[in-house]
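I have placed the structure first, in the form of structure tokens, so that the comments after it can refer back to it.
What you see below is based on every heavy atom in this structure, not just the backbone, and it leaves out hydrogens, waters and symmetry mates.
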Amino acid sequence: MQHLDPEALSLFALDEPLDAEGTHHLRSCPECTAEVASLRRAVHAARTAPDTGWLEAPGANVWAGIHRSLGLGDAVAADPLGPDSRADTAPEAEAPGPGESGQPAGKPPASVTWLRRPVTWLAAAAAAVLIAAGVVVAVNRTAAPVTLASAQLEPLDRFTATGSATVTESGDGSRTIEVQLNKAEARGYQEVWLIAPDLTRLVSLGIMNSASGRFEVPAGLDLSSYPIVDVSDEPLDGNPAHSSISIVRGTLTS
Ligand SMILES: [Zn+2]
């Protein structure tokens with residue numbers, strides 16, 4: 001069977017008339033009929049305005065935020081979706097051209113006016129980028145801390161406590177060391193230190209009154225230069241230096 005050529009099918013789908021022979025063929029050919037139906041769906045989709053009823057105009061604060069974030073000039077300070085700008089476009093919408101149908105007379109929905117303003121889409125796109133960036137920042141800030149290093153803490157001299165130290169980094173880059181011992185053995189009070197391998201330089205992280213504690217690592221402190229975690233037994237003598245009595249000690253490894 002000789003089918004209708006694609007051009008004839010396309011024109012017929014666009015409501016151009018078929019000649020008598022073509023009409024006759026179409027009545028008896030399911031394949032060409034199916035092809036026309038498919039083309040008609042495409043034509044219908046192309047001719048139908050998208051449903052924009054769900055679009056809502058954002059508040060003036062949205063544009064103010066975009067304007068501020070992008071550092072735009074005074075000339076575009078006014079909200080492009082504000083009442084003034086809507087009035088600008090209203091006459092165009094109130095006088096539909098001949099053949100334009102589907103819109104009742106009078107002011108169209110704001111969403112239609114919105115569609116016709118490219119700057120609005122630009123603003124909406126910019127807002128979407130800002131929202132996405134905000135989400136990324138928020139996710140980073142709430143991301144689970146990452147473990148940078150840890151150490152097993154072993155007792156020294158007359159002590160028997162053991163434990164561990166773990167350094168984690170939060171999404172904002174701050175570092176925390178968590179020290180856990182199986183018991184608190186100090187006669188005075190426990191103080192937590194980071195010490196250089198040669199044992200001459202040391203940084204006090206703070207007091208630990210129980211068997212565990214969390215301490216901030218000073219920003220910028222190179223842990224590889226101070227890898228030894230030490231918990232000392234400090235007498236209440238008012239001397240801020242290390243007492244030289246260490247309860248446990250261990251070396252951080254990543
Ligand atoms: Zn056919």
Would you find a donor on one side and an acceptor on the other, under 3.5 Å apart, between the side chain of Thr33 and the backbone of Leu26? yes
Where is the tightest heavy-atom contact between Cys32 and Cys29, given as atom of each residue plus distance? N-SG, 3.3 Å
Residues Ala161 and Val248: closest non-hydrogen pair is O-CG1, 3.2 Å
Are the side chains of Thr147 and Ser254 in touch, meaning some heavy atoms are under 4.5 Å apart? no
Any Tyr189 side-chain heavy atom under 4.5 Å of Leu236 side chain: yes
Quick one: pull up OG1 in Thr162 and CD1 in Ile247 and give me the separation to the nearest 0.5 Å. 12.5 Å
Any link between Ile228 and Met208 through a network of hydrophobic side chains (Ile, Leu, Val, Met, Phe, Trp, Tyr) touching at under 4.5 Å? no
How close do Pro197 and Pro227 get, counting heavy atoms only, and between which atoms? CD-CD, 3.6 Å
Are Leu148 and Val229 joined in one hydrophobic group, where the rule is that I, L, V, M, F, W and Y side chains link up if heavy atoms are under 4.5 Å apart? yes
Show your working on side-chain hydrogen bond (donor to acceptor under 3.5 Å, both in side chains) between Thr168 and Glu178 and close with a plain yes or no. CA-CA 8 Å; Thr168 55; Glu178 180 156 8; over 6 Å; no
Is the backbone N or O of Gly188 less than 3.5 Å from a side-chain atom of Asp233, with the two atoms forming a donor-acceptor pair by type? yes
Answer with yes or no whether the side chains of Ser174 and Glu216 bring together a donor and an acceptor at under 3.5 Å. no
Intermediate values then yes/no, side-chain contact (heavy atoms from CB on, under 4.5 Å), Leu4 and Val36: CA-CA 10 Å; Leu4 294 175; Val36 167; 5.9 Å; no
Provide the closest heavy-atom pair for Gln180 versus Ser212 in the form atom of the first, atom of the second, distance. CG-CB, 3.9 Å
How long is the span from the CD atom in Gln152 to the OG atom in Ser150, to the nearest 0.5 Å? 7.0 Å
With distance as the sole test, does Arg40 use its side chain to make a donor-acceptor pair with the main-chain N or O of Asp15 at under 3.5 Å? no
Interatomic distance, OG@Ser244 vs CG@Leu199, rounded to 0.5 Å, equals 10.5 Å
Glu191 side chain vs Glu234 backbone, donor-acceptor pair below 3.5 Å: no
Taking atom CD as the centre, does Glu16 end up with more than 12 heavy-atom neighbours from other residues, nucleotides or ligands that are less than 6.0 angstrom away? yes
Donor-acceptor pair, side chain of His67 and main chain of Gly73, under 3.5 angstrom: yes
Nearest 0.5 Å, what's the CG-CD distance between Asp230 and Gln190? 11.0 Å
Under 4.5 Å between side-chain heavy atoms, counting indirect links through other Ile/Leu/Val/Met/Phe/Trp/Tyr residues: same cluster for Val76 and Ile66 or not? yes
Would you call Glu169-Arg175 a salt bridge at under 4.0 Å N-O? no
Can you check whether Trp63 reaches Leu72 side chain to side chain, under 4.5 Å on heavy atoms? yes
Nearest heavy atoms of Ala13 and Leu39, plus distance in Å: CB-CB, 3.5 Å
Determine yes or no for a side-chain-to-main-chain donor-acceptor pair under 3.5 angstrom, with Ser10 supplying the side chain and Pro6 the backbone. yes
Heavy atoms from other residues, nucleotides or ligands near CG of Asn239 exceed 12 (cutoff 6.0 Å): yes
Taken to the nearest 0.5 Å, the spacing of Ile207 CD1 from Ser204 OG works out to 6.0 Å
Approximate separation, where rounding is to 0.5 Å, of Arg201 CZ and Leu194 CG: 12.0 Å
If you count heavy atoms of other groups shown closer than 6.0 angstrom to CZ of Arg27, is the number above 12? no
State plainly whether one hydrophobic cluster holds both Leu14 and Leu9, where clusters connect Ile, Leu, Val, Met, Phe, Trp and Tyr through side-chain heavy atoms under 4.5 angstrom apart. no
Answer whether the closest heavy-atom distance between the side chains of Pro145 and Thr176 falls below 4.5 Å. no
Let's go through Ser232 and Ile245 carefully: what are the C-alpha distance in whole Å and the side-chain angles of both, what is the deciding distance for side-chain contact (heavy atoms from CB on, under 4.5 Å) to 0.1 Å, and is it a yes or a no? CA-CA 6 Å; Ser232 65; Ile245 304 170; 5.9 Å; no
According to a 4.5 Å side-chain heavy-atom criterion applied to Ile, Leu, Val, Met, Phe, Trp and Tyr, with indirect links allowed, do Leu223 and Val192 form part of one hydrophobic cluster? yes
Using every non-hydrogen atom in the two residues, find where Leu205 and Pro218 come nearest and quote the distance to one decimal. CD2-CD, 3.8 Å
Can you classify the ring geometry of His3 versus His25 as parallel (below 30°), tilted (30 to 60°) or perpendicular (above 60°)? perpendicular
